[in-house]
Amino acid sequence: MKLSTTVFLLNKKENEYTARDGSLKQSYRITISQENNSIIAELPVNQELYQTLEPNRNFDVVCEYRSTKNGNYLTVLSAKPSKTAL
């Protein structure tokens with residue numbers, strides 16, 4: 001399922017981790033808020049999208065809801081600067 005919404009980007013996090021095969025990998029996450037910071041979430045993004053996002057700005061995002069054996073989560077598919085304020 002795909003979801004579209006406007007969010008405020010609070011910050012970005014880049015984290016190095018060791019994969020199951022022993023190789024080093026990078027993960028990219030963003031922290032977003034809605035409704036004057038009453039809703040806060042951390043979402044995974046890919047490297048290309050991560051590099052285009054700037055904190056302290058509003059973005060229109062498209063996310064995909066995924067259900068796996070490890071749980072349910074949202075991942076960001078696309079984001080563009082929002083033309084409207086939250």
Side-chain angles (χ1 to χ4, degrees):
M1 173 191 306
K2 291 186 180 176
L3 307 165
S4 298
T5 190
T6 300
V7 300
F8 182 75
L9 179 60
L10 294 170
N11 67 25
K12 303 182 338 178
K13 296 179 187 176
E14 186 175 344
N15 192 25
E16 188 173 79
Y17 67 94
T18 303
R20 290 181 184 156
D21 65 2
S23 64
L24 289 177
K25 303 268 184 176
Q26 291 290 124
S27 70
Y28 304 92
R29 300 183 76 74
I30 58 172
T31 305
I32 54 121
S33 75
Q34 287 183 311
E35 297 185 24
N36 295 321
N37 294 335
S38 66
I39 301 171
I40 296 179
E42 190 173 89
L43 302 173
V45 295
N46 63 37
Q47 182 180 11
E48 293 89 23
L49 186 56
Y50 179 87
Q51 293 172 343
T52 66
L53 300 174
E54 298 175 28
N56 301 313
R57 293 189 64 186
N58 291 319
F59 287 90
D60 294 325
V61 297
V62 175
C63 299
E64 184 174 50
Y65 176 81
R66 295 181 181 172
S67 182
T68 70
K69 66 180 181 179
N70 296 323
N72 303 320
Y73 63 96
L74 290 172
T75 188
V76 179
L77 300 176
S78 66
K80 62 181 181 176
S82 178
K83 295 181 181 173
T84 59
L86 288 178

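Taking OG from Ser33 and CG from Asn58, the interatomic distance works out to 8.5 Å, rounded to the nearest 0.5 Å. To the nearest 0.5 Å, atoms CD1 (Ile32) and OG1 (Thr6) are separated by 10.5 Å. Glu16 CD to Leu24 CG: the interatomic distance, rounded to the nearest 0.5 Å, is 4.5 Å. The line from CD of Glu14 to CD of Gln51 is 8.0 Å long, rounded to the nearest 0.5 Å. Distance check: Glu42 CD to Asn11 CG gives 7.5 Å after rounding to the nearest 0.5 Å. For the atom pair SG of Cys63 and NZ of Lys2, the computed distance is 11.0 Å after rounding to the nearest 0.5 Å.
Using a 4.5 Å cut-off between side-chain heavy atoms of Ile, Leu, Val, Met, Phe, Trp and Tyr, with links allowed through other members, Leu49 and Ile30 fall into the same hydrophobic cluster. Residues Phe59 and Ile39 do not share a hydrophobic cluster, defined by chaining ILVMFWY side chains whose heavy atoms lie under 4.5 Å apart. Tyr28 is connected to Leu74 through a chain of hydrophobic side-chain contacts under 4.5 Å among Ile, Leu, Val, Met, Phe, Trp and Tyr, so both are in one cluster. Under the 4.5 Å side-chain heavy-atom criterion for grouping Ile, Leu, Val, Met, Phe, Trp and Tyr, Leu43 is connected to Tyr65 within one hydrophobic cluster.
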Are Asn15 and Arg29 close enough, and set up right, to give a side chain to side chain contact (heavy atoms under 4.5 Å, CB included), and what steps lead you there?
CA-CA 8 Å; Asn15 192 25; Arg29 300 183 76 74; over 6 Å; no
Kindly determine whether Thr68 and Tyr73 satisfy side chain to side chain contact (heavy atoms under 4.5 Å, CB included), including the steps that lead there.
CA-CA 8 Å; Thr68 70; Tyr73 63 96; 3.6 Å; yes
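Between Val62 and Leu3 there is no side-chain heavy-atom pair separated by less than 4.5 Å.
For Asp60 against Pro81, the heavy-atom pair with the smallest separation is OD2-O, 4.3 Å. Taking every heavy atom of both residues into account, Thr75 and Pro44 meet most closely at OG1-O, 3.5 Å.
For residues 49-59, the pairs satisfying salt bridge (charged side-chain N to carboxylate O under 4.0 Å, His left out) are Glu54-Arg57, with sequence neighbours left out.
Among Val61, Ile40, Thr31, the one residue that satisfies the side-chain contact (heavy atoms from CB on, under 4.5 Å) test with Val7 is Val61.
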